[in-house]
Amino acid sequence: MENTQQSKRQSVNGINLVDIWSVQCGECFKWRLIPTEEEFEEIRSKITDDPFVCSKKPDVSCDDPADIERDDSRTWAIHKPGIPETPAGFKRRLVMRKDFSKMDCYYDAPNGKKFRALTDVSKFLDKFPKYKRDISTADFSFTSPKIMDDTIPTVAGKKL
DNA sequence: GCCACCGGTGGC
DNA sequence: GCCACCGGTGGC
């Protein structure tokens, strides 16, 4: 079972935004809310070497009830492990498709360039070699979270 | 002309 | 069958 993940509210007025970030405890498997995307990113990028446990949240232990349960009131997107921490100055973006079939991953570079695949990163590093001091293609992963099929919103029993 | 977004597919 | 990648394009 994966133990980092992000959940996402169902479409409201056509707006699809991630409104909840949560992480699963590696010991009791309860889900804990993470207040900000930045904190989630920090935990997520280190999860393999430094598994998340309830006690990492202030004044929380595995004895406390879960912050949130997995149900179909929202769409859940589970992050894959091993995605590197986003380099400083870069922004990793996940965009849900309108039909909830998948998410697309993009990075924004400090100079405004946008990447949609590792090949874009390679081209960028060739064009702007000064960045090679600090980053390589290994610092990027375009692997997007897995949408949990049973949580995709439906209309009259059918997927959008 | 740009770019956000989507559909299709080659390689695994 | 999945998914990383890329070509195309509609809307601005």
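Predicted, not measured: the structure shown is a model, and the values here were computed from it.
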Separation of dC6(B) P from Leu94(A) CG (nearest whole Å): 14 Å
Taking atom NZ of Lys57(A) as the centre, does the number of heavy atoms from other residues, nucleotides or ligands within less than 6.0 Å exceed 12? yes
Just how far, in rounded Å, is P of dA4(B) from CE of Met96(A)? 19 Å
Pairing of Asp108(A) and Arg93(A) as salt bridge, 4.0 angstrom limit: yes
In residues 108-118 of chain A, which ones come under 4.0 Å of DNA chain C, going by heavy atoms? Arg116(A), Ala117(A), Leu118(A)
Roughly, in whole Å, what's the span from NZ in Lys102(A) to P in dC6(C)? 13 Å
Of the options dC5(B), dC5(C), dC3(C), whose atoms approach the side-chain atoms of Lys146(A) most closely? dC3(C)
Any side-chain N or O of Thr119(A) less than 4.0 Å from the OP1 or OP2 oxygen of dA4(C)? no
Using the rule that Ile, Leu, Val, Met, Phe, Trp and Tyr join whenever any side-chain heavy atoms are under 4.5 Å apart, tell me whether Val121(A) and Tyr106(A) fall into a single cluster. no
Closest nucleotide of DNA chain B for Arg93(A) versus for Ser101(A): which of these residues is on the 5' side? Arg93(A)
Whether Asp49(A) side chain and Lys46(A) backbone form a donor-acceptor pair below 3.5 Å: no
Could you check how far CE of Met103(A) sits from P of dC5(B), rounded to whole Å? 12 Å
Given atom CG of Asp120(A) and atom C1' of dA4(B), what is their separation to the nearest angstrom? 14 Å
Point-to-point distance, once rounded to the nearest 0.5 Å, from CG of Asp67(A) to SG of Cys54(A): 8.0 Å
The nucleotide from dC6(C), dC5(B), dG7(B) with an atom nearest the side chain of Val95(A) is dC5(B)
Test of understanding: clusters of I, L, V, M, F, W, Y form through side-chain heavy atoms closer than 4.5 Å, transitively. Do Ile83(A) and Leu118(A) belong to the same one? no
Hey, what's the ring geometry for Phe124(A) with Phe90(A), parallel, tilted or perpendicular (30° and 60° as the breaks)? perpendicular
Arg97(A) has an atom CZ; how far is it from atom P of dA4(B), in whole Å? 14 Å
Between P of dC5(C) and OH of Tyr107(A), the distance in whole Å: 11 Å
Specify the separation, in whole Å, of atom CE of Met148(A) and atom C1' of dC2(C). 13 Å
